[in-house]
There are 2 protein chains.
Amino acid sequence: MKAPRPRLRDVAEAAQTSTKTASRVINGDVRVSASTRARVEQAVVDLGYRPDPLARSLRLGQDETIGVVVDEVGDPFFASVIGEIERMALDRGVSVIIASTRRLAERERIVLDGLLQRRVAGLIIASISDTHAYLRTSPCPLVFIDRAAEDLAADAVVVDDRGGARMAIEHLMRHGHRRIAYIGDRLDTATARYRLAGYRDALEAAGIAPDEDLVAEVEPAKGDAGVAAETLLRLANPPTAIFSANTRCSLGTLPTVHRLRRTDIGFVSFGDFAMADTITPAITIIEHSPELIGRLAAERLFSRLAGEDPPVETILAPLRVVPRGSGELGPA
Amino acid sequence: MKAPRPRLRDVAEAAQTSTKTASRVINGDVRVSASTRARVEQAVVDLGYRPDPLARSLRLGQDETIGVVVDEVGDPFFASVIGEIERMALDRGVSVIIASTRRLAERERIVLDGLLQRRVAGLIIASISDTHAYLRTSPCPLVFIDRAAEDLAADAVVVDDRGGARMAIEHLMRHGHRRIAYIGDRLDTATARYRLAGYRDALEAAGIAPDEDLVAEVEPAKGDAGVAAETLLRLANPPTAIFSANTRCSLGTLPTVHRLRRTDIGFVSFGDFAMADTITPAITIIEHSPELIGRLAAERLFSRLAGEDPPVETILAPLRVVPRGSGELGPA
DNA sequence: CTGTTAGCGCTTTCAA
DNA sequence: TTGAAAGCGCTAACAG
């Protein structure tokens, strides 16, 4: 019952030619006579031949697969990014291997190593690590997302984290806030550092003295954001507004804000999330479309894979404030 | 700069033995003398040798990769399922290829074909298609998730869709509702059919005549759920409660419910989502942990990959009502 | 335009 | 216990 899959040799035999010629036909080589080509094509159809991608990759030293490495697939931001990359990949018939680092540099190393070992054609990476020396001689094109690789000349698609954070704070200040809290990830990543810097920029530009009590850096893995929010709100001199530096923190913070019935507080989230527009008040966000980031990254990668060789570039995905209510609340 | 990666032959040479013996050591074959083994192991370390997974797969006719096929990675339900599968896979050092069907049977076919062609070691599939004849002689173990393959004797991890939906409706009835609307996907999938059936079961058991005006089946791809909700709420004789048959529908419906200021309506969602607990009123759900489904499916697959051969089984992941407010509101 | 030969890196007969 | 040789399915050289 289990017919072994036809091999190229079978096709060649059926078409009364050599494997090489059959191979040529299959790979669209022009230098094959029309009649031979027709015979081979017929044989392919008759036998239901499908080339073996493994053998092909082994021979070519390269795979038709791209790797995508992110913090965590379940993270809504990355889920959207991946969705978009995958869509574009599938349209081109290339498959995608996803892997998560779980925000562990060590794990990132292992995962990337494995992917390289498999000779993926290209890599899209949301790197958690600071050092990419071992990628310097990467045999395949690399596109970084969300955070650029600072020690490597490689393409990246990022947002202006610092500027975006600054925008958020300025937006809140424009609505009268002077005591604005920051809730963000611990500063393992450049992204986190830039966003905090943007927060500080804005305060400084407004001549507001920084108050370290208002800066909460939480462990990304744990659900600490809610605890941090509670601490902030219970301060003797509490903030009148909160800036959440990423979606995960927003998702962690808001339940606490609501539980404490402090929906009067100003709130801006860096990054959108489900229901942000539906809860009351609706959440003002700094929009940085994950789909767009995914698309830009994939486009870049595919263009390199197609042999184009544009200068290495850090592409800035646009960012804008989407006012929805929570960011326009004034201080009490 | 570009040191070619060491091959098994290099290791063998360095250890002054044959490739086969080196191979034996690497694959943990016992029948190798201690001294030879030590030399080979030393060589592996010295050269930084890493076996080529491609060549290995080609030779073995099997890959150390598992495939996961779902509707869409961006779907929060599947994102969580995948996250869990991936976690377990990574722990075992096997990589995961994700692919989406976008709910197109045709695409599912292509995607599965490609995966099989790559000789993946196993497959976890949220199938959108009704026919899996071509999988009957699948060379690798298959575990279906979310919906079982009805024409195939294969493992599956599902929830009791019909019972769960019934639970939801009974819960609403217990709080006084008699006119309960259903919003769910068009009936392409068994899941959708079962959930609608459960809805009907409950009404019938309660002696409530079905009203087809209260049943809205929406196109999963589009954001039709919101429109459907508006239509329902504007009915001359509107429902006092809505049952949303899946997370996507809930995410589509709730913005409309809030926009129309109809948060007085009873609401139960099949499936949890971000902020469900935070919006007002908080959303009562039928909980079916995607993580658990992912874990059960992965466990099953890995146990088969490990050579165990338990009888084919459809595993039912548990389901329960989590009351949070919206499902406990009585009719006006 | 076509075919023969070699070999990608690995594992597996099968004999020593 | 070990090794030589064959070959997984494919494609690149290089003749013809």
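In what follows, chains carry the letters A, B, and so on, assigned in the order in which the sequence lines appear, proteins first and then strands, with residues in each chain numbered from 1. Here the structure is a predicted model, which is why all the values come from computation and not from measurement.
Note: CZ (Arg39(B)) to P (dT1(D)) measures 15 Å, nearest angstrom. Between the P atom of dC10(C) and the CD atom of Gln62(B) lies a distance of 18 Å, rounded to the nearest Å.
Residue Thr36(B) places no side-chain N or O under 4.0 Å from the OP1 or OP2 atom of dT1(D). In terms of phosphate contacts, Thr21(A) brings no side-chain nitrogen or oxygen within less than 4.0 Å of OP1 or OP2 of dC1(C). For Thr17(A) and dG3(C), the shortest distance from a side-chain N or O to OP1 or OP2 is below 4.0 Å. Regarding contacts with the backbone of dA4(D), every side-chain N or O of Ser18(B) stays at 4.0 angstrom or more from both OP1 and OP2. Phosphate proximity of dT1(D) to Ser33(B): absent, as no side-chain N or O sits under 4.0 Å from OP1 or OP2.
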Legend entry - Contact pattern, 5' to 3', of nucleotides 11-16 of chain D - B, S or - by protein heavy atom under 4.0 Å: BBBB--
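Considering Thr101(A), Leu142(A), Val143(A) as possible partners of Ile125(A), the one that fulfils the side chain to side chain contact (heavy atoms under 4.5 Å, CB included) test is Leu142(A).
Ser57(A) comes within contact range of no nucleotide atom at all, as no heavy-atom separation falls under 4.0 Å.
Closest to the side chain of Asp52(A), out of dC1(C), dG9(D), dT2(D), is dG9(D). Comparing dC8(C), dG3(C), dC1(C) by their nearest atom to the side chain of Leu58(A) picks out dC8(C). The side chain of Arg7(B) has dC8(C) as its nearest neighbour among dC8(C), dC1(C), dG9(D).
Residues meeting the ring pair (Phe, Tyr, Trp, His ring centres under 6.0 Å) test with His288(B), sequence neighbours left out: Phe77(B), Phe270(B).
Between Arg147(A) and Asp71(A), at least one side-chain N (NZ, or NE/NH1/NH2) sits under 4.0 Å from a carboxylate O, which counts as a salt bridge.
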